[in-house]
**Q** 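My structure is below; once you've seen it, I'll send some questions.
Starting from 1, each residue takes its place in the sequence as its number. Given the structure is predicted, the values throughout are model-derived calculations rather than measurements.
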Amino acid sequence: MASALVSSIVVSVFLALIATVSAQTAAPAPALSGPLNFTGILDKNGQYTYFLRFLADTQVGSQIQNQLNTTSDGFTVFSPTDNAFNNLRLGLINGLDSEKKVQLVLYHVLPKYYALKDLLFVSNPVRTEATKPNGTVFSLNFTGRDNQVNVSSPMTETPVGTALHQGKPLAIYQVDQVLLPDKSFGESSPTAAPSPAPKKAPEPKKSSGNPGSSGTDMGLGLLLGLALACMGFLPIS
């Protein structure tokens, strides 16, 4: 009787173990995360409309997206907010040609992944993806302490803000100013002011009589008198 009871318990435990293993095996595996969507991360946050437009117009956004699957170094992107663009001098962006717009967007991209803490210890200057026509690379500088990092260019300095994404191969940080590489980006061409109309020379004042008329009349009188005297009409004393 006792042996039968023990056998029954063993069988029950064995069946319970089988059920547990089966349940764990049947549980669905966690879904794998899809590939990174660079512009999708910005679009989701909803305050980077202008930067997204520049990424699309210059095709820099699609180039970064295509290289995310192959790069070993990764990318670090500083994304200016819409307010950052709104605070620029009126007409500055519209005054840039297509080449300078590409340079401006690439100036916000580092060709390497940096976690926020890494930016505290980088060796300045740090090269960006932007280059001049002669091949010279535009660079940025980073300073800070504790968890606060500032990024600066010859024209701009601003804190590095919220990490919109931070995980190799891509880091995206918010910045509240547009990073300007040099003076050629910071100074828009002023609109030429219209030349003032040339002043007219003052018209001469009209006199009520004919100037010099009295002198002319006197001269004519003398000539007439002399002629009459010669003709014998006037006695000569």
**Q** Do the side-chain N and O atoms of Asp182 and Ser184 include a donor-acceptor pair separated by under 3.5 angstrom?
**A**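 The answer is yes; a qualifying pair exists.
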**Q** Tell me yes or no: between the side chains of Gln67 and Asn69, is some donor less than 3.5 Å from an acceptor?
**A**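 Judged by distance alone, the side chains do not pair up.
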**Q** Any chance CG of Asn86 has more than 12 other-residue heavy atoms, nucleotides or ligands included, within less than 6.0 Å?
**A**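 Yes, enclosed.
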**Q** Side chains of Thr76 and Lys112: do they bring a donor and an acceptor to under 3.5 Å?
**A** no
**Q** How about Thr71 and Asp73: does a side-chain donor come under 3.5 Å of a side-chain acceptor?
**A**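 Not at all, the side chains of Thr71 and Asp73 share no donor-acceptor pair under 3.5 Å.
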**Q** When you compare the side chain of Leu164 with that of Leu42, does any pair of heavy atoms fall below 4.5 Å?
**A**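 Yes, side chains in contact.
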**Q** Quick one: does Thr156's side chain have a donor or acceptor within less than 3.5 Å of a partner on Ser153's backbone?
**A**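 The answer is no, because no donor-acceptor pair under 3.5 Å joins these two groups.
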**Q** Under 4.5 Å between any side-chain heavy atoms of Phe142 and Asn150, yes or no?
**A**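 Result no, sub-4.5 Å side-chain heavy-atom pair not found.
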**Q** Measuring only between side-chain heavy atoms, which start at C-beta, is Val109 closer than 4.5 Å to Phe78?
**A**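 Result no, sub-4.5 Å side-chain heavy-atom pair not found.
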**Q** Any side-chain heavy atom of Phe38 sitting closer than 4.5 Å to one from Val77?
**A** yes
**Q** Verify whether one side chain among Asp82 and Thr49 offers a donor that lies under 3.5 Å from an acceptor in the other.
**A** yes
**Q** Pairing donors with acceptors under 3.5 angstrom, does anything connect the side chains of Tyr113 and Gln166?
**A**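 No, no side-chain donor-acceptor pair sits under 3.5 Å.
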**Q** Taking the side chain as C-beta and beyond, is there a heavy-atom pair between Leu116 and Asn147 under 4.5 Å?
**A** no
**Q** Would you kindly say whether Glu129 and Tyr107 are connected by a side-chain donor-acceptor distance under 3.5 Å?
**A** no
**Q** Quick one: are the ring centres of Phe85 and Phe54 less than 6.0 Å apart?
**A**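 Aromatic pair counts; centres sit under 6.0 Å.
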**Q** Considering residues, nucleotides and ligands other than Gln47, do more than 12 of their heavy atoms fall under 6.0 Å from its CD?
**A** yes
**Q** Return the orientation label for the Phe51 and His108 ring planes: parallel under 30°, perpendicular over 60°, tilted otherwise.
**A** tilted
**Q** Indicate yes or no: at least one non-hydrogen side-chain atom of Gln65 is less than 4.5 angstrom from one of Asn37.
**A** yes
